[in-house]
Amino acid sequence: MRAGAGQSMSADARQGSPADAPPRFSGIRTFARQPHTRELDGVDVAVAGVPFDQGTSFRPGARFGPEAIRSASVLLRPYHQALGLDVLGSQRVVDWGDTVISPGNAERGVGQIAEQLAEIISAGASTLVLGGDHLVALAELRALAARHGPLGLVLLDSHADTWDSYGGERYFHGTPFRRAVEEGLVEPERSLLAGMRGPLYSAGDLDEARELGFELVQWHDLCEIDPGEYGRRVRERVAGGPAFLSFDVDFVDPAFAPATGTPEPGGPSSAVAIGFVRALGGIGFAGFDVVEVSPPYDGPGQITSLLAANVAYEMLALAARGGGGA
């Protein structure tokens, strides 16, 4: 949907050429310089920040992820040259702002996030969440499933996040997808989790995910297939209903994305990771997220936040392409 009369437009959409555009370092930082509003009439995708890291088990700081991703996103422009697509002009995208969470209680925080995201979803918009640690995905799935029913899960992550508990805690960033199965929010038989790598406590860490019904493609297998084949496998797996795409930035090798809570060396480059996301065209995604960016661990060039902003842009391109074809 294109922004029409009376609808606010981004700074870039108001300009006819780079020569007319305002400097990208000026203005209040919204995602991709899209308008900040909570008026959702006619909105296709609402970007929402979830500054939450109460589920983190190692390096904290993901509560500052939305702020950093928004700051990096000012470099994004409307036209996607590889796809020949006006990502921001072909649909109405807004920055909804951040959810508000009571610090100190992860389980309560998940409920608060879900309630607030439900406002977006009930208005008919898709959600693009900037995390936040990966526990926020449970809140997203609660809100999405309340409207759409159980979803197929597409996950790019170096961890499956299907543990039952950690140190006695059932609500942390390594458990969201087990909780989601238990709550009937996802359909494991329509889900594909990819990118798992790194040392485990035992083989049971991943066996338990398979026992829940998830299909797993570990990184040592994923790196042997091209993105097109990966996309084909995902489309076959999730067919028959709505889906949810979750991208944990630790899917990417820490040489390209160091600012994350539980980095795992030996993964894909930023270019390869973006290729896997881009290969998911033709799937009817009801929601998306990019999670686990912890800015305190980034370098002076903020390469992790830059990557996360561009992954989110690729998700907007998936939304613009819709579920009608690859």
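In this chain, numbering begins with 1 at the start of the sequence shown.
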(message) Which label fits Tyr313 and His80: parallel for a plane angle under 30°, tilted from 30 to 60°, or perpendicular past 60°?
(response) parallel
Side-chain contact, heavy-atom cut-off 4.5 Å: [X] with [Y]?
X: Arg321; Y: Arg278; answer: yes
X: Val238; Y: Leu192; answer: no
X: Leu138; Y: Glu183; answer: yes
X: Ile28; Y: His36; answer: no
X: Ile101; Y: Arg63; answer: no
X: Leu212; Y: Phe177; answer: no
X: Tyr230; Y: Val217; answer: no
X: Gln302; Y: Pro295; answer: no

Spell out, yes or no, whether [X] and [Y] are grouped together once hydrophobic residues are joined by side-chain heavy atoms under 4.5 Å, including indirect joins.
X: Tyr297; Y: Val311; result: no
X: Val74; Y: Ile303; result: no
X: Ile121; Y: Phe244; result: yes
X: Leu306; Y: Phe288; result: no
X: Val181; Y: Leu185; result: yes

Could you tell me the separation between the [atom1] atom of [X] and the [atom2] atom of [Y], rounded to the nearest 0.5 Å?
X: Leu151; Y: Ser246; atom1: CG; atom2: OG; result: 12.0 Å
X: Leu141; Y: His148; atom1: CG; atom2: NE2; result: 11.0 Å
X: Ser26; Y: Arg33; atom1: OG; atom2: CZ; result: 6.5 Å
X: Asp133; Y: Ser57; atom1: CG; atom2: OG; result: 9.0 Å
X: Leu135; Y: Thr175; atom1: CG; atom2: OG1; result: 6.0 Å
X: Met315; Y: Ser126; atom1: CE; atom2: OG; result: 12.5 Å

Whether [X] side chain and [Y] backbone form a donor-acceptor pair below 3.5 Å:
X: Ser191; Y: Glu187; value: yes
X: Asp250; Y: Ser158; value: yes
X: Asp157; Y: Ala160; value: no
X: Asp95; Y: Gln34; value: no
X: Asp253; Y: Gly267; value: yes
X: Thr127; Y: Val129; value: no
X: Ser73; Y: Arg70; value: yes
X: Arg170; Y: Gly168; value: no
X: Arg197; Y: Phe251; value: yes
X: Arg24; Y: Leu76; value: yes

Residue [X] excluded, over 12 heavy atoms near [atom1] under 6.0 Å:
X: Glu182; atom1: CD; value: yes
X: Tyr166; atom1: OH; value: no
X: Arg210; atom1: CZ; value: yes

(request) Before giving the answer on side-chain contact (heavy atoms from CB on, under 4.5 Å), spell out for Phe247 and Glu314 the whole-Å C-alpha distance, their side-chain angles and the decisive distance to 0.1 Å. (result) CA-CA 11 Å; Phe247 185 100; Glu314 294 293 337; over 6 Å; no
(message) salt bridge (Lys or Arg N to Asp or Glu O under 4.0 Å) for Glu208 and Arg178? Distances and angles first, verdict last.
(response) CA-CA 9 Å; Glu208 292 175 359; Arg178 177 177 288 273; 3.6 Å; yes
(request) Considering only NZ, NE, NH1 and NH2 on the basic side and carboxylate oxygens on the acidic side, decide whether Arg179 and Asp164 come within less than 4.0 Å. (result) yes
(message) Any carboxylate oxygen within less than 4.0 angstrom of a Lys/Arg side-chain nitrogen, looking at Glu236 and Arg233?
(response) no
(request) Report the residue from Arg59, His173, His159 that forms a side-chain hydrogen bond (donor to acceptor under 3.5 Å, both in side chains) with Glu292. (result)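 Only one of Arg59, His173, His159 forms a side-chain hydrogen bond (donor to acceptor under 3.5 Å, both in side chains) with Glu292, namely His173.
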Between [X] and [Y], what is the shortest heavy-atom contact and its length?
X: Leu130; Y: Pro66; result: O-CG, 3.2 Å
X: Thr99; Y: Pro51; result: O-CD, 3.8 Å
X: Asp44; Y: Arg92; result: OD2-N, 2.7 Å
X: Thr162; Y: Phe214; result: CG2-CE1, 3.9 Å
X: Ala309; Y: Phe31; result: O-CZ, 3.8 Å
X: Arg190; Y: Ala239; result: CD-O, 3.3 Å

(message) If you apply the rule side-chain hydrogen bond (donor to acceptor under 3.5 Å, both in side chains), what do you find for Gln112 with Ser102, and how did you get there?
(response) CA-CA 8 Å; Gln112 292 173 324; Ser102 300; 2.9 Å; yes
(request) Run through Leu156, Thr260, Thr262 and flag the one making a side chain to side chain contact (heavy atoms under 4.5 Å, CB included) with Asp248. (result) Thr260
(request) Start with the C-alpha gap between Gln91 and Leu316, add the side-chain angles, then the distance that decides, and say whether side-chain contact (heavy atoms from CB on, under 4.5 Å) holds. (result) CA-CA 9 Å; Gln91 58 189 339; Leu316 289 176; 4.1 Å; yes
(message) Could you go through Ile283 and Leu318, starting from their C-alpha distance and side-chain angles, then the distance that decides it, and tell me whether this counts as side-chain contact (heavy atoms from CB on, under 4.5 Å)?
(response) CA-CA 8 Å; Ile283 297 172; Leu318 293 175; over 6 Å; no
(request) Check step by step if side-chain contact (heavy atoms from CB on, under 4.5 Å) holds for Glu140 and Asp289. (result) CA-CA 9 Å; Glu140 296 173 70; Asp289 71 25; 2.6 Å; yes
